[in-house]
Every structure is written in C-alpha cells, then in structure tokens.
There are 2 protein chains.
Amino acid sequence: MRVDQETDAIERLAYAGGRLTRARRLIARTAAQLHGAFTIDTLAERVRVTDAASGANATVYRAVAAMERAGFLTRVGERGGHALFARCSTRGHHHHIVCETCGRVAHADCPLTQAIEASNAQGFRITRHEVTMYGLCPECAARTGS
Amino acid sequence: MRVDQETDAIERLAYAGGRLTRARRLIARTAAQLHGAFTIDTLAERVRVTDAASGANATVYRAVAAMERAGFLTRVGERGGHALFARCSTRGHHHHIVCETCGRVAHADCPLTQAIEASNAQGFRITRHEVTMYGLCPECAARTGS
DNA sequence: ATCCAAGTGAGAATGATTCTCACGTAAGCC
DNA sequence: GGCTTACGTGAGAATCATTCTCACTTGGAT
Ligand SMILES: [Zn+2]
Ligand SMILES: [Zn+2]
Ligand SMILES: [Zn+2]
Ligand SMILES: [Zn+2]
C-alpha cells in the first residue's frame with residue numbers, strides 16, 4: 001500500500017522535519033481525518049483500529065506533542081478532564097470556539113486587545129492569556145432547537 | 001480563645017449555612033488572611049502551622065469546594081498544575097488577572113461581549129467561556145524593570 | 001551496508017484530586 | 001443540659017491523565 005503524495009506531504013508537515021516512523025505516519029494520517037477537536041484517547045483508539053501495534057498511549061502522547069511543536073495541531077480546550085486538540089495551522093494569534101456536542105472547532109479573533117490595554121494602563125503587564133469559548137456550532141444549535 | 005465578631009462573620013459567610021467545625025473555621029480564617037491567589041497545598045500547609053491536626057489534604061479540598069459553592073472563593077487560574085483560588089465575592093460576571101510573581105489578583109471586565117455577538121451572528125451559540133490573564137502586577141512589574 | 005540518535009512500547013511512576021469508611025461532633029430538639 | 005443524627009474529618013487508598021524508564025527498533029544520513 002503506497003502512500004499517495006498528498007498524504008505523504010501531510011505526514012511530513014505534521015512533524016516538521018522529525019523522523020517519519022510507521023507509528024507517526026499513521027497517527028498524523030488519523031489526526032488529519034478526525035473532524036474538529038479530539039482527545040488523545042480517541043485518537044489512540046482510532047489508530048489502534050488500523051494497526052493495533054502502533055497506538056501505544058505514550059507514543060500517541062509524544063506524537064501529538066511533536067505535532068503541536070510543529071504547529072500542525074493546537075490544544076483547543078478540554079472536555080471531561082481530557083485535553084482537546086485540533087488541526088490548526090493558522091498563523092497569527094487567535095482563539096478557538098469548541099462545539100460541546102460535535103467538537104467542531106471555529107476560530108475567533110482575540111477579543112483582548114482593549115482589555116490588555118486597560119490592564120496596562122493600570123500598571124499591569126499582561127504576559128499570557130487564555131480564552132476559550134464553548135457552545136454549540138450552527139448545526140448542533142439547530143438540531144437542539146432554539 | 002474566643003473568636004471575635006468579625007472573624008466569626010467571615011467564617012459563617014465562607015460556608016453559607018454549612019456547619020462550622022474547628023477545621024472549617026481555621027481554614028476559612030487562614031484563606032482570608034492569604035493575599036491574592038493560593039493553591040490548596042499552600043493553604044493546607046498554613047493551616048497545619050496553626051493546628052497540625054486540622055489540615056488534612058482531603059479536608060482542605062472539601063472546605064475549599066464548600067467555600068467556592070458559597071461564593072466566598074473563586075478559582076482564578078492555575079500555576080504549575082495546581083489550581084489557584086482567591087477570595088472573591090464580587091457579584092456579576094467578570095474575570096481575573098493573576099500576577100505570576102506574587103499572586104496578586106485583579107478583576108477584569110468581560111471582554112467577550114462583542115466576540116460572543118460575532119459568534120452568534122455566525123450561528124454559534126456560546127454557552128461557556130474562560131478568560132484568564134496572567135502577568136505582572138504593578139509592583140512586580142516595577143521591581144522587574146521595564 | 002553501517003551506524004546511531006530518535007522513536008517505540010510496556011509498564012511503572014507521578015501527582016493532583018477524589019473517594020472510602022470508621023469515627024467525631026455541630027446543630028436542632030426535648 | 002442531654003439525645004439524635006446527619007454532616008464533617010482524617011488517614012490512606014483509589015483514580016486517572018499524563019510523563020517517565022529502559023531495553024529494543026529503525027529512519028535516514030553517510
Ligand atoms: Zn456541533
Ligand atoms: Zn488573545
Ligand atoms: Zn505581583
Ligand atoms: Zn466573560
């Protein structure tokens with residue numbers, strides 16, 4: 001089973017120059033197929049469906065960390081104590097909206113420019129901030145009714 | 001050693017009608033004395049300094065949860081994997097700025113009104129959001145130099 | 001083909017938080 | 001003041017996501 005060019009490109013992109021092992025290839029391919037946000041557990045399970053020998057938890061954790069470093073995945077929140085990740089290679093500072101029903105992820109501009117300026121005016125120097133919005137995506141909102 | 005009226009009022013406030021045990025009184029008094037954000041560990045240690053028999057970790061965890069329910073404490077972020085709490089009885093929706101050096105906590109108005117409206121306009125229904133800013137309070141910023 | 005640093009897997013370790021359960025004691029009632 | 005009982009306590013075990021250890025494998029440069 002040869003790997004087509006697009007898949008190969010995605011796998012190389014995911015690890016930004018790191019080694020492409022059998023496990024890493026499969027993990028990147030699986031992550032790219034998942035829609036929206038996913039937990040490490042979910043990803044690991046899906047990987048094991050394809051190859052039971054390549055989905056060790058520790059390996060998936062390490063692969064996700066590598067893909068995060070490479071800018072291929074981003075942590076977009078948490079659900080039930082599990083970290084949520086999603087494919088996000090968007091450049092520039094922004095935040096995420098995570099649908100609590102289906103996990104769909106949308107981007108949001110940073111709403112803090114004014115808040116940070118206001119804080120700076122009070123003498124604070126903001127060095128880091130976190131903004132995460134959870135809710136329902138348009139489809140899930142429609143399904144749930146007004 | 002009789003408890004003065006103010007201290008007694010604080011302790012009663014902290015648990016909003018729950019039982020006032022020896023441990024709970026001491027934990028509330030200690031939490032009220034701490035400035036800014038603190039971790040459960042720190043609070044438990046300080047409690048044990050005053051009364052080694054009243055600072056069991058589980059008890060402090062439960063007392064903090066009760067004080068959070070009562071609206072006396074609020075979770076204001078996290079530091080090094082430990083949840084950060086601070087005294088905050090301010091009514092109304094708002095967020096917090098936590099000094100990463102000294103733990104001082106400031107309030108911040110919610111900057112998301114427009115962001116939420118923008119999301120709603122796209123069909124999303126935002127149900128929950130988290131905003132936390134970390135940085136340096138005026139004093140720590142001055143001490144660190146420009 | 002060789003080499004070796006990077007990656008893997010199984011399981012142990014970590015570490016914050018929560019649970020269990022026998023015991024203690026606030027608070028309401030008489 | 002005593003009685004009752006549900007709520008709180010403490011010690012330690014349990015949970016559970018994540019990270020680490022270590023012997024083994026392998027990608028990929030030469
Ligand atoms: Zn959805
Ligand atoms: Zn931002
Ligand atoms: Zn400070
Ligand atoms: Zn807000």
Side-chain angles (χ1 to χ4, degrees), chain A residues 2-3 8 11-31 37-45 47-70 72-73 75-85, chain B residues 2-3 8 11-31 37-45 47-70 72-73 75-85:
Chain A
R2 73 178 197 76
V3 178
D8 188 69
E11 292 168 358
R12 290 184 184 286
L13 181 63
Y15 300 103
R19 283 192 189 172
L20 283 184
T21 63
R22 164 195 296 273
R24 282 187 159 200
R25 279 186 190 275
L26 176 53
I27 293 167
R29 218 179 304 159
T30 308
F38 55 85
T39 63
I40 302 260
D41 275 5
T42 303
L43 177 56
E45 279 165 23
V47 166
R48 283 185 216 116
V49 169
T50 305
D51 178 1
S54 289
N57 267 6
T59 301
V60 178
Y61 269 100
R62 283 181 293 225
V64 167
M67 291 190 278
E68 215 184 344
R69 262 179 266 123
F72 183 72
L73 293 183
R75 195 181 191 288
V76 294
E78 66 89 27
R79 183 169 57 205
H82 301 57
L84 285 176
F85 293 88
Chain B
R2 73 178 198 75
V3 178
D8 188 71
E11 292 168 357
R12 288 185 184 287
L13 182 62
Y15 299 103
R19 282 192 191 172
L20 283 186
T21 64
R22 165 195 296 273
R24 282 187 158 199
R25 278 184 191 275
L26 177 53
I27 294 167
R29 220 178 304 161
T30 308
F38 55 85
T39 62
I40 302 261
D41 274 6
T42 303
L43 177 56
E45 279 164 22
V47 167
R48 283 184 216 114
V49 169
T50 304
D51 177 2
S54 288
N57 267 6
T59 300
V60 178
Y61 270 100
R62 283 180 293 225
V64 167
M67 290 190 279
E68 217 186 341
R69 263 180 266 123
F72 183 72
L73 294 183
R75 196 182 190 286
V76 294
E78 66 92 25
R79 182 168 59 204
H82 302 55
L84 285 176
F85 294 88

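Note on naming: letters A, B, ... go to the chains in the order of the sequence lines (proteins, then strands), and numbering restarts at 1 for each one. Note that the coordinates shown come from a computational prediction; the quantities given were computed from them, not determined experimentally. Side chains included, hydrogens not; waters and symmetry mates left out as well; all remaining heavy atoms used.
- Between B:Tyr61 and C:dT18 there is no side-chain N or O to OP1 or OP2 distance below 4.0 Å.
- With rounding to whole Å, B:Glu11 atom CD is found 15 Å from D:dG8 atom P.
- Between the P atom of C:dA26 and the CG atom of B:Leu26 lies a distance of 14 Å, rounded to the nearest Å.
- Rounded to whole Å, the distance from CD on B:Glu68 to C1' on C:dT18 is 15 Å.
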Can you name the atoms? Protein N/O to nucleotides 6-8 of chain C N/O, anything below 3.5 Å, with the distance.
| residue | atom | partner | partner atom | Å |
| --- | --- | --- | --- | --- |
| C:dA6 | O4' | A:Arg19 | NH1 | 3.4 |
| C:dA6 | O4' | A:Arg19 | NH2 | 3.4 |
| C:dA6 | N3 | A:Arg19 | NH1 | 3.2 |
| C:dG7 | OP1 | A:Arg24 | NH1 | 3.0 |
| C:dG7 | OP1 | A:Arg24 | NH2 | 3.3 |
| C:dG7 | O3' | A:Thr21 | OG1 | 3.4 |
| C:dT8 | OP1 | A:Thr21 | OG1 | 2.8 |

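- At a threshold of 4.0 Å, the pair B:Glu11-B:Arg24 does not count as salt-bridged, since none of the basic side-chain nitrogens sits closer than that to a carboxylate oxygen.
- The only member of A:Val60, A:Thr30, A:Leu26 that meets side chain to side chain contact (heavy atoms under 4.5 Å, CB included) when paired with A:Ser54 is A:Leu26.
- For B:Arg48, the side-chain hydrogen bond (donor to acceptor under 3.5 Å, both in side chains) partners are B:Asn57, not counting sequence neighbours.
- Each end of the helix from C:dA1-D:dT30 to C:dC30-D:dG1 gets its own axis from five base pairs, and the two axes differ in direction by 30°, given to 10 degrees.
- B:Arg75 places a side-chain N or O within 3.5 Å of a backbone atom of B:Gly77 that can act as its donor or acceptor partner.
- Between B:Arg75 and B:Leu20, it is B:Arg75 whose nearest contact on DNA chain C lies nearer the 5' terminus.
- B:Asp41 places its CG atom 10 Å from the C1' atom of C:dT17, with the value rounded to the nearest Å.
- Summarising the geometry, the separation between CZ on A:Arg25 and P on D:dT26 is reported as 15 Å, rounded to the nearest angstrom.
- Nearest-nucleotide mapping onto DNA chain C: of B:Gly81 and B:Arg12, the residue sitting toward the 5' end is B:Gly81.
- The distance from atom CG of B:Leu43 to atom P of C:dT17 is 12 Å, rounded to the nearest whole Å.
- Rounded to whole angstrom, the span from the CG atom of B:Asn57 across to the P atom of C:dC19 amounts to 15 Å.
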